[in-house]
Amino acid sequence: MAEKPDSVDSPAPRPSKAIPSSRLSRIGRLGVLAGKIAGNVVSQGAGQILRGEKPALSSLLLTPKNISNIADQLASMRGAAMKLGQLISMDAGDFLPEELAVILGRLREDADPMPKDQLIETLSKAWGEKWQDDLLYFSFAPIAAASIGQVHKVINMDGTMLAVKVQYPGVRKSIDSDVDNVASLIKLTGLVPKSLEIGPLLEDAKKQLHQEADYEREAQMLDRYRKLVQKHNANLQLGSAFVIPKTYSPLTSDTVLAMDFIESQKLEVLEQESQETRNAVMTALMTLFFHEIFNFKLLQSDPNLANYRFKPDTKELVLLDFGATREVPDSISTAYQSLLNSAAQSDKTAMQQAALSIGLIDDSHSQEQVEAVLSIGMEACEAIRHEGPYDFGQSDLISRLHEKGMTLTMEHNFWHTPPVDALFIHRKLGGLFLLAKRLKAQVNMRKAASIWLKS
């Protein structure tokens, strides 16, 4: 019989909230949210008019109160609604006011867990009504709760400790409508310009989210990626730099994923490690990224810090969450290798050709726009051109790129949407850059990419 008490090492419980599982209830939640936003706009606008001011719609929509309402509702709905909010807050920095980015940032933190009765009902559908009789221990308090599912600690009858990810009910059925409804909210708030064609991005977001909600697919990707990384560790003589859990198939289904439970700590503990350890971990991650693009042709595309954990005793990095793993097309891999080499050699002509091959620019762009894009690309690759370890902690590269990105869109009117494969590659690399800066890591990027650089 599974034990009922919470695990002794579980974090302080967050208030549970039932996940709206039907399509109508989820649409209703967003409808109520839209009503709240409209009401706030009216009250804020009336106040400004009474003060003799002429209110702008964008300033009325993007108030802390409205954005807080959006973040709270998306977090309580979980699923695609919350996931899309995460993507906005991480990927659209050039479009977001600072206060909006801060408030939406809460969507990258733990979600509200589902109530115990809803959890039991969900597991009963996946494992059968008597599932508790087959386990020695089950912690009803989740050790993690994110956008699509929450994770619980389990002990089998043979004493094997597992981490079990349980998908929120109704998530898969609601993906398409969630994406469409949240996209409407995005347009309502003016987060993206009307001239930017986001239709293809939204369709790919739906496809990606359907894949992430298929836990059997994630189990396959996890096993495939783990084998590649084991080979990678041996080839680069990195020792046991990375640890990836094995799946446990008897308890895995399309809505439940069971895997090894690996004792580890949040990535933040790395900040207390020595400079040498931080450099080694970040070098291994950067080297792994280049292998993903050029060797594995398989990219774990979600840079959320919760997907990494650290084992201080062994200095190993634990890699988690492979729902967002994507295959990298050969053409994209080849073009990015050309881009990498052109940047390393400061060859703008070759970089322009590589950017055209990838789809970062096209023949419709003016020479001025092309030059601006190439300038950003060359600056983004300064760590590759740098001789010796690049000090991410002292670098202001991220702020410089943000400023140039704003100039590109606002002054050069460049509202081009690159191919989705490119967006996910940039998203992963951007996340690694932010992590390297946070850890104040020093990484020899030329050495990390040396296998793919021309001499």
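When a residue number appears, it is its place in the shown sequence, counting from 1.
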Would you indicate whether the side-chain heavy atoms of [Y] and [X] approach each other to under 4.5 Å?
{"X": "His152", "Y": "Leu119", "answer": "yes"}
{"X": "Val256", "Y": "Val164", "answer": "yes"}
{"X": "Phe294", "Y": "Val328", "answer": "no"}
{"X": "Phe290", "Y": "Thr287", "answer": "no"}
{"X": "Ile332", "Y": "Pro329", "answer": "yes"}
{"X": "Leu319", "Y": "Asn307", "answer": "no"}
{"X": "Asn341", "Y": "Gln337", "answer": "yes"}
{"X": "Ile244", "Y": "Tyr225", "answer": "yes"}

Checklist entry - For residues 431-445, which residue pairs qualify under side chain to side chain donor-acceptor pair (under 3.5 Å), counting only residues two or more places apart or in two chains? => result Glu271-Arg438
Can a side-chain donor-acceptor contact be found between [Y] and [X] if the only test is distance below 3.5 angstrom?
{"X": "Glu316", "Y": "Thr314", "result": "yes"}
{"X": "Ser395", "Y": "Tyr390", "result": "yes"}
{"X": "Gln275", "Y": "Asn279", "result": "yes"}

Next on the checklist: As a quick check of understanding, evaluate side chain to side chain contact (heavy atoms under 4.5 Å, CB included) for Lys447 and Thr283, giving each step before the final call.
Outcome noted: CA-CA 9 Å; Lys447 186 176 180 180; Thr283 297; over 6 Å; no
Which heavy atom of [X] sits nearest to which heavy atom of [Y], and what is that distance?
{"X": "Gln208", "Y": "Gly323", "answer": "NE2-O, 4.2 Å"}
{"X": "Phe242", "Y": "Ala284", "answer": "CZ-O, 3.4 Å"}
{"X": "Ala324", "Y": "Gln300", "answer": "CB-OE1, 4.3 Å"}
{"X": "Leu453", "Y": "Ala344", "answer": "CD2-CB, 3.9 Å"}
{"X": "Pro245", "Y": "Met259", "answer": "CG-SD, 3.9 Å"}
{"X": "Met351", "Y": "Ala343", "answer": "CE-CB, 3.7 Å"}

Next on the checklist: I'd like to know whether Arg172 forms a side chain to side chain contact (heavy atoms under 4.5 Å, CB included) with Asp214, so could you lay out the CA-CA distance, the side-chain angles of the two residues, the decisive distance to 0.1 Å, and finally the verdict.
Outcome noted: CA-CA 8 Å; Arg172 299 181 76 174; Asp214 183 351; 4.0 Å; yes
Checklist entry - In terms of ring plane angle, is the pair His291 and Trp452 parallel, tilted or perpendicular, where the classes change at 30° and 60°? => result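 It falls in the perpendicular class, over 60°.
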Please determine if [X] and [Y] form a salt bridge, counting it only when a charged side-chain N lies under 4.0 Å from a carboxylate O.
{"X": "Arg400", "Y": "Glu379", "value": "yes"}
{"X": "Arg385", "Y": "Glu382", "value": "no"}
{"X": "Arg309", "Y": "Glu268", "value": "no"}
{"X": "Asp330", "Y": "Lys297", "value": "yes"}

Checklist entry - Given Leu257 and Gln167, is the side chain to side chain contact (heavy atoms under 4.5 Å, CB included) satisfied, shown in steps? => result CA-CA 9 Å; Leu257 174 60; Gln167 190 171 119; over 6 Å; no
Working to the nearest 0.5 angstrom, can you tell me the gap between [X] [atom1] and [Y] [atom2]?
{"X": "Phe261", "Y": "Met161", "atom1": "CZ", "atom2": "CE", "value": "6.5 Å"}
{"X": "Phe392", "Y": "Met445", "atom1": "CZ", "atom2": "CE", "value": "4.5 Å"}
{"X": "Asp176", "Y": "Lys207", "atom1": "CG", "atom2": "NZ", "value": "13.5 Å"}
{"X": "Asp223", "Y": "Glu218", "atom1": "CG", "atom2": "CD", "value": "10.5 Å"}
{"X": "Thr325", "Y": "Gln220", "atom1": "OG1", "atom2": "CD", "value": "11.5 Å"}
{"X": "Asp421", "Y": "Leu299", "atom1": "CG", "atom2": "CG", "value": "9.0 Å"}

So does [Y] get a backbone contact from the side chain of [X], meaning a donor-acceptor N/O pair under 3.5 Å?
{"X": "Ser139", "Y": "Ala141", "result": "yes"}
{"X": "Gln150", "Y": "Val166", "result": "no"}
{"X": "Thr252", "Y": "Ala258", "result": "yes"}
{"X": "Asp347", "Y": "Thr349", "result": "yes"}

Checklist entry - Strictly under 6.0 Å, is that where the ring centroids of His426 and Tyr336 end up? => result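 Between His426 and Tyr336, the centre distance is under 6.0 Å.
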Item to check | Steps toward salt bridge (Lys or Arg N to Asp or Glu O under 4.0 Å) verdict (Arg217, Glu212) | outcome: CA-CA 8 Å; Arg217 176 189 180 276; Glu212 290 192 44; over 6 Å; no
Checklist entry - Should the pair Lys428 and Phe289 be classed as cation-pi, given the thresholds of under 6.0 Å to the six-membered ring centre and 45° from the axis? => result no
Checklist entry - How far apart are the C-alpha atoms of Leu298 and Arg326, what are their side-chain angles, what is the distance that settles it, and do they pass the side chain to side chain contact (heavy atoms under 4.5 Å, CB included) test? => result CA-CA 6 Å; Leu298 194 68; Arg326 299 173 61 92; over 6 Å; no
Checklist entry - For Gln367, does the CD atom sit with more than 12 other heavy atoms under 6.0 Å from it, leaving out its own atoms? => result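 Yes.
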Item to check | Audit row: His386, Asp391, side chain to side chain donor-acceptor pair (under 3.5 Å) steps and yes/no | outcome: CA-CA 10 Å; His386 184 79; Asp391 193 336; over 6 Å; no
Item to check | Counterpart residues, side chain to side chain contact (heavy atoms under 4.5 Å, CB included), relative to Leu270 (two or more places apart) | outcome: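 Leu267, Glu273, Thr277, Arg278, Val281, Phe310, Leu317, Leu439.
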